[in-house]
Amino acid sequence: MVDNNINAKLINIQSGIDKLTKNDNNRKEQVAIKNDVVLFFSFDIVNSTSYKTINYFGWAQALNVLFREIRNEVQIKIPDSEMWRVLGDEAIFIKKITDNNSLYEYIDKIYSILIETIFKLKKGDFFIQYDKELMKLQNNLSLKATAWIADVRDVGNIENKEILQNEIENIFEKYESQEGNEIFEFLGNDIDAGFRISKQTEDGRLVLSFELAYLISQRTESLSYLKIITYKRLKGVWKDKLYPIIWYHNPNTYLKTYQKKIELEESFCFDAEEESELIKEYYENRAEQGKNRVVRDIKMFTDCYYALNKIAQDRGLGEKLNNLNKCIQEAVKDQERYIGVEKLELHCVAVCFKRGKDGIKILVAKRTDSREKFKEQWEFGCAKAVMNKSLVEKIKEEYKNDFNIEIEPVIDENREQKEPVPIALYNVNRMGDVASCKSDKGVITMAEIIGDFNVDTFKPTEKHDKLAWIKKEDIDEIDIKYSNHVPDFKETIISVFERVELNGK
């Protein structure tokens, strides 16, 4: 009897454990099953084949420098964007979208990269010194661009049947090749549509997917930059029904390179209709008689707001567009990367100090409450190391972007490699991720602020909402005035004051 009671209790305990385990697994799967809105954009080199044929020697260096320039510009103008893949002469990037205002800005920055890079190409800035003039004369290279948007679900384990039973339009999957390399893949209807519309752009043009155009049309200024060229049947998209071909054209972008605004029709070559079927259709679709117009209603070409809303209604896309907006509004701002998420990141903190008549003072910054890690905590700012730039370059660049300050990192002049002098290393567990033991690893250095800098003129950003100076006499009150701060905040400040006072190093 006793044994039976014990067995019964053990069975109940085991049943309870199984239930808890199942619930825990369900919770984990629910966390994994989340949707993100991802912006995809690509730059495709125009006339690369003929350029390779003409410039049998030297073309590889020229194209390599061009691709590197594009990657650098994307990294500067659209921080935390990632290169997904390169297909032939096309480079495809991704960026998670966390608010609509950023989406407007990113599209405009993609367009500015396109126009500015083409301008540099025409000047011959990308060609190697050897036979530079000859290669410049033989240059017929240019760029075209595409941008689209997708509601993506990270499915984790694709074999999970519960996930596959849910309605999913686009997925992100990570798996290993036979050689052990990680492969990152986006799959789905909107991903396919993006590759289809990429065939509907031309030299110097940026084509947008319908969903992306609709979202940015909600801002009046951006709406004026959307130009409906024509309507096409794209294989496998919208059940092969007519799809709007929409180009983005901001006339103000040309001010930086050409010192004047250039409207869309003004940007066409004088013989554009002879050379381009799309531009020929653009004019035909706006002709008064409209005999060759692909859609009878002329407002479907001339009134973009009317056209986008009518298409959304007629194609039954209202729910999809609402879901995209909802995903953007509910996005977690710091979880922005997909590719290389497991790679080691080296954070470079530069404690910035300023010498003056009133002594030495150290710049500190308060993180915004929208940050996922260390919300509203005082810190010193931070840069992330990258492969193609020195630590000094990257620190100066990111602190300029984040705080609009010019700094000069403290380096060891006795060494051949002029890199920042480390004063400490850190290894901090990420907030809310202690269970997996993931941590931010970094080096703390110092940098002197060059020129005048007024913290009162700082305008809040997504990263920081306030700056302040700390003097040596403020050290005793740090725990009161700056009580919410990153680890070793006070100890770092004391160490920097001692080093600067000792020898400025």
Side-chain angles (χ1 to χ4, degrees), residues 42 44 46-47 50 90 107 111 114-115 118 140 142-149 189-190 192-217 220 222-251 253-254 261-318 321:
S42 68
D44 195 356
V46 178
N47 298 325
S50 61
E90 180 182 15
I107 299 305
Y111 189 66
L114 175 70
I115 299 304
I118 291 174
N140 61 348
S142 193
L143 285 180
K144 56 185 179 181
T146 307
W148 69 100
I149 203 165
N189 296 329
D190 293 319
D192 293 343
F195 288 115
R196 293 281 186 266
I197 66 166
S198 67
K199 309 302 180 185
Q200 306 301 322
T201 186
E202 295 184 347
D203 180 357
R205 310 299 168 193
L206 168 60
V207 65
L208 307 182
S209 67
F210 168 77
E211 292 82 3
L212 178 54
Y214 183 91
L215 289 181
I216 68 172
S217 73
T220 305
S222 297
L223 174 64
S224 66
Y225 304 151
L226 302 176
K227 311 295 180 182
I228 297 179
I229 305 302
T230 189
Y231 292 81
K232 296 271 190 181
R233 298 184 191 276
L234 307 179
K235 185 178 180 181
V237 180
W238 289 2
K239 298 180 181 179
D240 296 338
K241 293 182 179 180
L242 288 176
Y243 188 97
I245 306 306
I246 305 170
W247 287 356
Y248 182 92
H249 181 92
N250 182 355
T253 303
Y254 294 83
K261 294 181 181 181
I262 299 179
E263 299 296 337
L264 178 63
E265 293 187 7
E266 187 184 357
S267 72
F268 295 157
C269 291
F270 72 93
D271 59 348
E273 286 188 82
E274 289 291 321
E275 300 293 327
S276 167
E277 283 298 318
L278 283 171
I279 294 177
K280 183 178 181 180
E281 286 189 52
Y282 170 84
Y283 282 113
E284 287 178 349
N285 291 327
R286 285 161 175 73
E288 290 184 11
Q289 300 300 323
K291 293 181 180 179
N292 297 317
R293 191 180 302 135
V294 65
V295 174
R296 282 294 162 205
D297 186 353
I298 195 170
K299 287 178 66 179
M300 294 298 289
F301 302 94
T302 58
D303 188 337
C304 195
Y305 184 80
Y306 167 83
L308 291 173
N309 281 279
K310 183 160 181 59
I311 292 168
Q313 178 181 333
D314 293 351
R315 293 284 186 257
L317 296 171
L321 294 167

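Values below: every heavy atom of this structure, side chains too, minus hydrogens, waters and symmetry copies.
- Considering only residues two or more places apart in sequence or on other chains, K232 meets the salt bridge (charged side-chain N to carboxylate O under 4.0 Å, His left out) condition with E281.
- Evaluation of the salt bridge (Lys or Arg N to Asp or Glu O under 4.0 Å) test over residues 234-247, restricted to residues two or more places apart or in two chains, returns none.
- Side-chain contact between I115 and H249 is absent, with no heavy atoms from C-beta onward closer than 4.5 Å.
- Under the rule for a side-chain hydrogen bond (donor to acceptor under 3.5 Å, both in side chains), K227 has no partner lying at least two apart in sequence or in another chain.
- In terms of the ring-ring contact (aromatic ring centres under 6.0 Å, His included) criterion, Y214 has no residue partners (sequence neighbours excluded).
- The two residues S198 and V207 come nearest to each other via the heavy atoms CA-CG1, 4.5 Å.
- Note that CD1 of I298 is 8.0 Å distant from CZ of R286, once rounded to the nearest 0.5 Å.
- Scored by the salt bridge (charged side-chain N to carboxylate O under 4.0 Å, His left out) test, E274 finds no partners at all (sequence neighbours excluded).
- Scanning both residues, S42 and W148, for their nearest heavy atoms gives OG-CZ3, 4.4 Å.
- Annotation: side-chain contact (heavy atoms from CB on, under 4.5 Å) contacts of D192 (sequence neighbours excluded): none.
- Other residues, nucleotides and ligands contribute more than 12 heavy atoms inside 6.0 Å of the CD atom of E266.
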(request) Walk me through it: do L308 and F210 pass the test side chain to side chain contact (heavy atoms under 4.5 Å, CB included)? (result) CA-CA 8 Å; L308 291 173; F210 168 77; 3.6 Å; yes
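- A distance-only check finds a donor-acceptor pair linking the side chain of N285 to the backbone of I229 [under 3.5 Å].
- Contacts of D44 classified as side-chain contact (heavy atoms from CB on, under 4.5 Å), with partners at least two apart in sequence or in another chain: D89, E90, K144.
- The line from OH of Y283 to CZ of F301 is 15.0 Å long, rounded to the nearest 0.5 Å.
- Contact of the I311 side chain with the Y231 side chain is registered, since non-hydrogen atoms from C-beta on lie closer than 4.5 Å.
- Applying the side-chain contact (heavy atoms from CB on, under 4.5 Å) rule to E275 yields the partners D271; only residues at least two apart in sequence or on another chain are considered.
- Residues meeting the side-chain hydrogen bond (donor to acceptor under 3.5 Å, both in side chains) test with D314, sequence neighbours left out: K310.
- Put simply, the side chain of I246 does not reach to within 4.5 Å of the side chain of I197, judged on heavy atoms.
- Within the 4.5 Å cutoff, the side chain of W238 has heavy atoms near those of the L317 side chain.
- The two residues C304 and L226 come nearest to each other via the heavy atoms SG-CB, 3.6 Å.
- To the nearest 0.5 angstrom, T253 atom OG1 is 7.5 Å from Y225 atom OH.
- Residue pairs meeting the side-chain hydrogen bond (donor to acceptor under 3.5 Å, both in side chains) criterion with at least one member in residues 199-208, sequence neighbours excluded: S142-D203, E202-S276, R205-S267.
- Taking 4.5 Å as the limit, every side-chain heavy atom of I149 sits out of range of all side-chain heavy atoms of D190.
- Residues I228 and M300 are not in side-chain contact: their nearest non-hydrogen atoms beyond the backbone lie 4.5 Å or more apart.
- Taking the side-chain hydrogen bond (donor to acceptor under 3.5 Å, both in side chains) definition, one finds that E265 meets it with Y282, sequence neighbours left out.
- Around atom CZ of F268, more than 12 heavy atoms belonging to other residues, nucleotides or ligands sit under 6.0 Å away.
- Atom CG of N250 sits about 7.5 Å away from atom OG of S224, to the nearest 0.5 Å.
- Shown here are the ring-ring contact (aromatic ring centres under 6.0 Å, His included) partners of W247, two or more places apart in sequence or in another chain: there are none.
- Atom CG of L212 is separated from atom OH of Y248 by 10.0 Å, given to the nearest 0.5 angstrom.
- For the pair R293 (side chain) and A287 (backbone), a donor-acceptor distance under 3.5 Å is present.
- Here OG1 of T146 is found 9.5 Å from CZ of F195. Values are rounded to the nearest 0.5 Å.
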